[in-house]
Amino acid sequence: MGKLENIILRSYEEELFDHEVYSKLAEAERDPELKKTLFKLAEMEKKHSEFWREVAEKRGLRVKGKLTTLNRIRVNFYTLLRKILGLDITIKVLESSEEDDIEKYRKLSEMEIFSSEEKQRLKDIMVDEAVHEKVLGNVEAKSVGDFVYGISDGLVEVLAAVSGLSGAISSPLFVAVGGLIVGVSGTLSMAIGAYLSTKSEKDVKIQERKRLELEKNVDQHSVQLRLVNFFTELGVNLNLAKKVSSSLVNVAEDILYPEVKENPVKSALITGLSYITGAIIPILPYLVGLSGLTGVITSYVVAGLSTFIVGSIIGILSGINPFRKGAQMASLALLAALGTHALGYLASRFLNGSI
């Protein structure tokens, strides 16, 4: 099989897979807006697969109208991952396993093996992928990500606190109470911060959308230039960006300044709950009465493993190596804990064990 045949059949299979997986994610989604957006993405991928089917048939190639067994297993895997870890992480994992579609279609549109009409269709798909990429950035539900980051903060900060306290205080109950006080104060602080941050972001986006609406009424050309810049920054060819931007001026605010759908109160609750969840983990050994070196080591092991898991998830969300991120976060958390434990021990010695 030649190079062209490989490109056509592989691209068809990839687009058909994307259609199936986004359809399944849409079916499982409860949020009406997210469900609608995911179905739109699925429909977009279906059109792309139909294009590749047409290209194949023109060249006498036969394509299967259904996924291979391996790709069906992959679809089921992502559907299961969605149920366990949520939409945010699932999309991150899904996108990390794919190549840069914008760059891929840019290269394909420059190949002489395709006709002029096919090249234009490939350029149109490249624009679709740019919009797809932007939409996915806004579709990703923040709740899971916020929860994971909140757990991480609670784990690291309270581990350091109880480690320091255990170096100065011999009573495991007092260490646990001290850790809980730090955890509760951190929970309130983080929840208030999350509320103000989300509300501020929402207010800024609303104002930006209003300004863009006014700008559309006064000077549509400047709005078009903004869209051109947006698409070229995503890797779309300048001439093609100019062409498609003129037809997207009426929906420019949805592309440039998508609405922030997060509820500030919900964001505060999620952040607060996640922080206290992480905070309780390093306190548990002291709550069950472990003291001295046994309590310290148990707290380090439990918190270290938990931090590694949370760090790995953050690695997935950030698009970097999960193992490396998990190991990095666990190491830094334990180093911080050792440092504060040493300070607590020195304080105890300095005060001659009067605490």
Report task. Give a yes or no answer on whether the side chain of Ser185 reaches the backbone of Val182 with a donor-acceptor pair at less than 3.5 Å. Result -> yes

Query raised in the report: Do Glu233 side-chain atoms and Phe230 backbone N/O form a donor-acceptor pair below 3.5 Å?
Result: no

Query - Pair listing, side chain to side chain donor-acceptor pair (under 3.5 Å) test, anchored in residues 292-302, at least two apart - result: Ser163-Tyr300

Query raised in the report: Can a donor-acceptor pair be found between the side chains of Gln120 and Asp124 at a distance below 3.5 Å?
Result: yes

Requested in this report: Verify whether one side chain among Arg74 and Asn71 offers a donor that lies under 3.5 Å from an acceptor in the other.
Outcome: yes

Report task. Evaluate the side-chain proximity of Tyr78 to Phe17: yes if any heavy-atom separation is below 4.5 Å, no if none is. Result -> yes

Query - Trace of the salt bridge (Lys or Arg N to Asp or Glu O under 4.0 Å) decision for Glu215 with Arg209 - result: CA-CA 10 Å; Glu215 190 175 346; Arg209 288 172 67 88; over 6 Å; no

Query - Residues Arg10, Glu13: salt bridge by 4.0 Å N-O rule - result: no

Query raised in the report: Does Glu253 come within less than 4.0 Å of Lys210, counting only side-chain N to carboxylate O?
Result: no

Report task. Side-chain contact test, heavy atoms from C-beta onward, threshold under 4.5 Å: evaluate it for Leu25 versus Thr79 and give yes or no. Result -> no

Query raised in the report: Val310 and Ser152: which non-hydrogen atoms are nearest, and at how many Å?
Result: CG1-CB, 3.7 Å

**Report entry** Side-chain heavy atoms of Glu14 within contact of Lys104, under 4.5 Å
**Finding:** yes

Query raised in the report: What orientation do Phe323 and Phe308 show, parallel under 30°, tilted 30 to 60°, or perpendicular over 60°?
Result: perpendicular

Query raised in the report: Does Tyr195 offer a backbone N or O that forms a donor-acceptor pair with the side chain of Thr198 under 3.5 Å?
Result: no

Report summary line: In short, Ile281 meets Ala303 closest at the heavy-atom pair CG2-CA, 4.3 Å

Query raised in the report: Between Lys47 and Glu43, does at least one N-O distance fall below 4.0 Å, as a salt bridge requires?
Result: no

Report summary line: Checking Lys36, Lys35, Arg82 against Glu29 for salt bridge (charged side-chain N to carboxylate O under 4.0 Å, His left out), the one that qualifies is Arg82

Report task. Specify the closest pair of heavy atoms between Leu212 and Ala252, including all atoms of both residues, with the distance to one decimal. Result -> CD2-C, 3.7 Å

Requested in this report: Would you please classify the geometry between the Trp52 ring and the Phe114 ring as parallel, tilted or perpendicular, with 30° and 60° separating the classes?
Outcome: perpendicular

Query raised in the report: Taking atom types as modelled and ignoring hydrogens, do the side chains of Tyr275 and Glu157 form a donor-acceptor contact shorter than 3.5 angstrom?
Result: yes

Query raised in the report: For the side-chain hydrogen bond (donor to acceptor under 3.5 Å, both in side chains) test, which of Arg53, Glu54, Glu50 pairs with Tyr12?
Result: Arg53

Query - Value rounded to 0.5 Å, distance of CD1 in Ile73 from OG1 in Thr68 - result: 8.5 Å

